Amino acid sequence: MLDLEKYGVTMWEDEKILSFRQKLLAWYDENKRDLPWRRSKNPYHIWVSEIMLQQTRVDTVIPYYERFLEWFPTVETLANAPEERLLKAWEGLGYYSRVRNMQAAAQQIINDFNGDFPSTYEGISSLKGIGPYTAGAISSIAFNLPQPAVDGNVMRVLARLFEVNHDIGNPSNRKIFQAMMEILIDPERPGDFNQALMDLGSDIEAPVNPRPEDSPVKDFSAAYQNGTMDRYPIKAPKKKPVPVYLNALVVQNAKGQFLLEKNESEKLLAGFWHLPLIEVDEFSKNEELNLFNQVAESSIQLGPSPQESFEQDYDLEVEWQDSHFEEVKHIFSHRKWHVRILSGQVVDSKEYCDKEVVWLTPEEFDLYPLAKPQQKIWQAYLKR
DNA sequence: GAAACGTGGGG
DNA sequence: TCCCCAAGTTT
């Protein structure tokens, strides 16, 4: 057992702990939100909701949750879903490895657990994509096991209750909050206790504009009593996304079809389809001039233009258009894309290319999973 | 342990 | 516009 005193945390006496549980759960019973996944104890449903809720708001999740269970009503249907369908179900939600990991976990359940959702903390933890938070959440909510579910909300609430002087953004400090929760959690209603803290943390004890005076447990809160609410939780600022400059090539053939390519990367937006993208160091002001006037000259100094690289890589001959499109910007957690659109008509195609490409009419776009940047690029193209 | 991994809402 | 944030996990 972790020695909390070593981390400057003095745990309450037993009596105070009992009183806290009572106060918090009474508040939860009166104020809990009516959410779709709270009407179910089916571990598969709880699992789907918990994965979707990772780093994602409740309002965003609800429609995705409903549709996901229609498309994949059971672990088995999820295990056997084709990739395109899987990504389509998650299209727009972000952090797409979540759904890939879910499918891998569904296959684990079929193969290693005889198709039955594991009912122990250890078994649940063994599933792909389930870390300590999610294992605790499913264990406590679906199986009534006394396991803490320590997420950002819980750490923020606890940091204020106990004036914890450790950065909640540092993963190694998670163990402090885990140890506190192991003592505080209500053994009779662990799922409700965990969810009560999360509800409290997402609204009344929100990260910005909290209303601590409305908290049902303000009498327990050291930070509230000492007037130090603004100091907690301690959290280092995040790094800014790194700018990336890209040219998107929108090329159309004689049939009015556009070239799309599957992202074979295992990383960013893996498996999604996109208009071909060519990264450049930076946008230069004379780039547009290069296109029409100075291709040969610029090639010597700057290397091939994006258009030349594209025609070479895709074995196409393209007549480029002199169109100007609005720059598309898209911010990821770690990158900021600046995308310029270049458009043209295919003059000649060698009908061969080593990339996985497809020619689609705009009506057919819906059949393929397209992430947000691509949707933005297409909209900007249409606006012209 | 730091970095990668999406997107949308709100001040 | 910019910045922060949201029910994290994997590598």
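Model, not experiment: these values are computed from the prediction.
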| Taking the side chain as C-beta and beyond, is there a heavy-atom pair between A:Trp37 and A:Leu69 under 4.5 Å? | no
| field | Shortest non-hydrogen separation from A:Gln345 to A:Asn253 and the atoms involved | value | OE1-O, 4.1 Å
| query | Starting at NZ of A:Lys240 and ending at C1' of C:dC2, how long is that distance when rounded to a whole Å? | reply | 8 Å
| field | Side-chain ion pair, A:Asp3 and A:Lys6, N-O less than 4.0 Å | value | no
| said: Against the six-membered ring of A:Trp71, is A:Arg67 placed for a cation-pi contact (under 6.0 Å from the centre, within 45° of the normal)? | reply: yes
| said: By nearest heavy atom, map A:Ser333 and A:Lys376 onto DNA chain B; which one lands nearer the 5' end? | reply: A:Ser333
| message | Less than 6.0 angstrom separating the ring centers of A:Tyr7 and A:His166, yes or no? | response | yes
| query | Given that A:Asn209 and A:Pro171 both sit by DNA chain B, which one's nearest nucleotide is further toward the 5' end? | reply | A:Pro171
| Please give, in whole Å, the distance from C:dG8 P to A:Leu53 CG? | 8 Å
| said: If you assign each of A:Ile331 and A:Trp37 to its closest nucleotide in DNA chain C, which residue comes earlier from the 5' end? | reply: A:Ile331
| message | Under 4.0 Å, heavy atoms only, any strand: does A:Ile138 hit a base, just the sugar-phosphate, or nothing? | response | nothing
| message | Looking only at the side chain of A:Gln54 (C-beta and beyond, no hydrogens), which of the listed nucleotides C:dC3, C:dC5, C:dG8 gets closest? | response | C:dG8
| task | Check every strand shown and say whether A:Leu93 touches a base, only sugar-phosphate, or nothing at a heavy-atom separation below 4.0 Å. | result | base
| request: Scan A:Arg174 against the nucleic acid and name what it touches under 4.0 Å (heavy atoms): base, sugar-phosphate only, or nothing. | output: nothing
| query | Tell me: CD of A:Glu266 to C1' of C:dT10, nearest whole Å? | reply | 13 Å
| query | Does C:dC4 have OP1 or OP2 sitting under 4.0 Å from an N or O in the side chain of A:Lys238? | reply | no
| said: If I take atom NZ in residue A:Lys128 and atom C1' in nucleotide C:dT9, what distance separates them, rounded to the nearest angstrom? | reply: 10 Å
| request: Measure the distance from CG on A:Asp203 to C1' on C:dC5 and round it to the nearest whole Å. | output: 15 Å
| request: Quickly work out the A:Arg100 CZ to C:dT11 P distance and round it to whole Å. | output: 13 Å
| said: Mind checking if A:Ala371 touches a base, just sugar-phosphate, or nothing, with heavy atoms under 4.0 Å? | reply: sugar-phosphate
| request: Tell me what A:Ser172 touches on the nucleic acid: a base, only sugar-phosphate, or nothing, going by heavy atoms under 4.0 Å. | output: sugar-phosphate
| query | How about A:Gln54 and A:Thr134: does a side-chain donor come under 3.5 Å of a side-chain acceptor? | reply | yes
| message | Between B:dG6 and C:dC3, how far apart are the two P atoms, rounded to whole Å? | response | 22 Å
| message | Any base atoms under 4.0 Å from A:Gly92, or only sugar-phosphate, or nothing? Heavy atoms, all strands. | response | sugar-phosphate
| said: Rounded to whole Å, how long is the line connecting atom NZ of A:Lys336 with atom P of C:dC4? | reply: 13 Å
| field | Outermost DNA chain B nucleotides near chain A [under 4.0 Å, heavy atoms] | value | B:dG1 to B:dG11
| message | Can you confirm whether the side chains of A:Tyr232 and A:Asn165 place a donor and an acceptor under 3.5 Å from each other? | response | yes
| message | My understanding is that only residues two or more places apart in sequence, or in another chain, count here; which of them pass salt bridge (charged side-chain N to carboxylate O under 4.0 Å, His left out) with A:Arg189? | response | A:Asp29, A:Asp192
